[in-house]
**Student:** 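Sharing a structure with you now.
Just follow the structure's listing: the first ligand is 1, and inside any ligand the first atom is 1.
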Amino acid sequence: MRLDGKVCLVTGGASGIGRATCELFAREGAVLAIADKNGEAAAQTADRCGALGAQAFSIEVDVGDAAGVRRMIDETVARYDRLDVLVNNAGYGIPGSVVETGEDDWNALMAVNVNGVFLACKHAIPLMAKRGGGVIVNVASVVASVGIRNRAAYCASKGAVAALTRAMALDHVDDGIRINAVAPGTIESPYFDAILSSSRDTEATRRGLRERQAMRRMGRPEEVALGIAYLASDESSFCTGTILTIDGGMTAQ
Ligand code: NAI
């Protein structure tokens, strides 16, 4: 029980890496607030966590909306009286080079992938500091440190998440707050179902995504969740400002 009794808020908890994280946290004894713009699916995750024996509730929220993020933190504290662990996982990608990316699409993606992390941390950190500490885990990506084609806005957003993680870790080390990130490689989540279903040759696209990893396979959401749980728990007590790569050797090549 690595998270026994810890109040944990996970954004994007309705699907993929977020859902796997909630379920692992539930098995590790966490008390959960599960936030997602898809309220119905978030409620399903909460039910699954409940079936695993955890106390859990869901919050429907768009983390790109400042008032919504404030409400998300307030609802968590109103329900559980404190916040021990924040996992900023909600995010998405769009295809396109800089030239092809529309300004509105750029701004919308930054609002979720970057502002969402900034705002949640902005409201969570003072609460954690007041209670003597806490833990934040952000979900960045390997594209924070290596470029990939046709994902300019997404790469920029994840670079910002990694840089913000390091900056916040230094600013709040004396508050007893550890702030780290995971950098996943290619993970087989519903996010990729959309990419595959929109590609002309699904099998060739799937093969290409697999071949990017030295391990020649895509990762599973559960494999990322294990890294998030490590960073969220006291096992990582000497880690702050760390970006933990979980990528099947993609960036070792
Ligand atoms: P997913 O699409 O399966 O899950 C993302 C969840 O975030 C969904 O439940 C979605 O409704 C929610 N979400 C999206 N925008 C939101 C918003 N504005 N407000 C609240 N919730 C919102 O995707 P996946 O793969 O599980 O991604 C989770 C995180 O991991 C994302 O930040 C993604 O960028 C990151 N990541 C994913 C990788 C992959 O290969 N799947 C690789 C590296 C990073």
**Student:** Is it true that a side-chain atom of D36 and a backbone atom of A14 form a donor plus acceptor pair closer than 3.5 Å?
**Tutor:** yes
**Student:** Would you call R206 and E188 a salt bridge, taking side-chain N to carboxylate O under 4.0 Å as the test?
**Tutor:**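 The answer is yes: the pair qualifies as a salt bridge.
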**Student:** Is E203 paired with R210 through a side-chain N to carboxylate O contact shorter than 4.0 Å?
**Tutor:** yes
**Student:** Could you measure the distance from the OG1 atom of T242 to the CG atom of L231? Nearest 0.5 Å is fine.
**Tutor:** 7.0 Å
**Student:** Without swapping roles, check the side chain of N89 against the backbone of G12 for a donor-acceptor pair under 3.5 Å.
**Tutor:**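 At least one qualifying donor-acceptor pair exists.
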**Student:** Counting distance only, does the side-chain N/O of Y92 pair as donor-acceptor with the main-chain N or O of Y191 below 3.5 Å?
**Tutor:** no
**Student:** For ligand 1, would you mind listing the residues that have at least one heavy atom less than 4.0 Å away, ordered by chain and number?
**Tutor:** G12, A14, S15, G16, I17, D36, K37, V61, D62, V63, N89, A90, G91, V112, V139, A140, S141, Y154, K158, P184, G185, T186, I187, S189, P190, Y191, F192
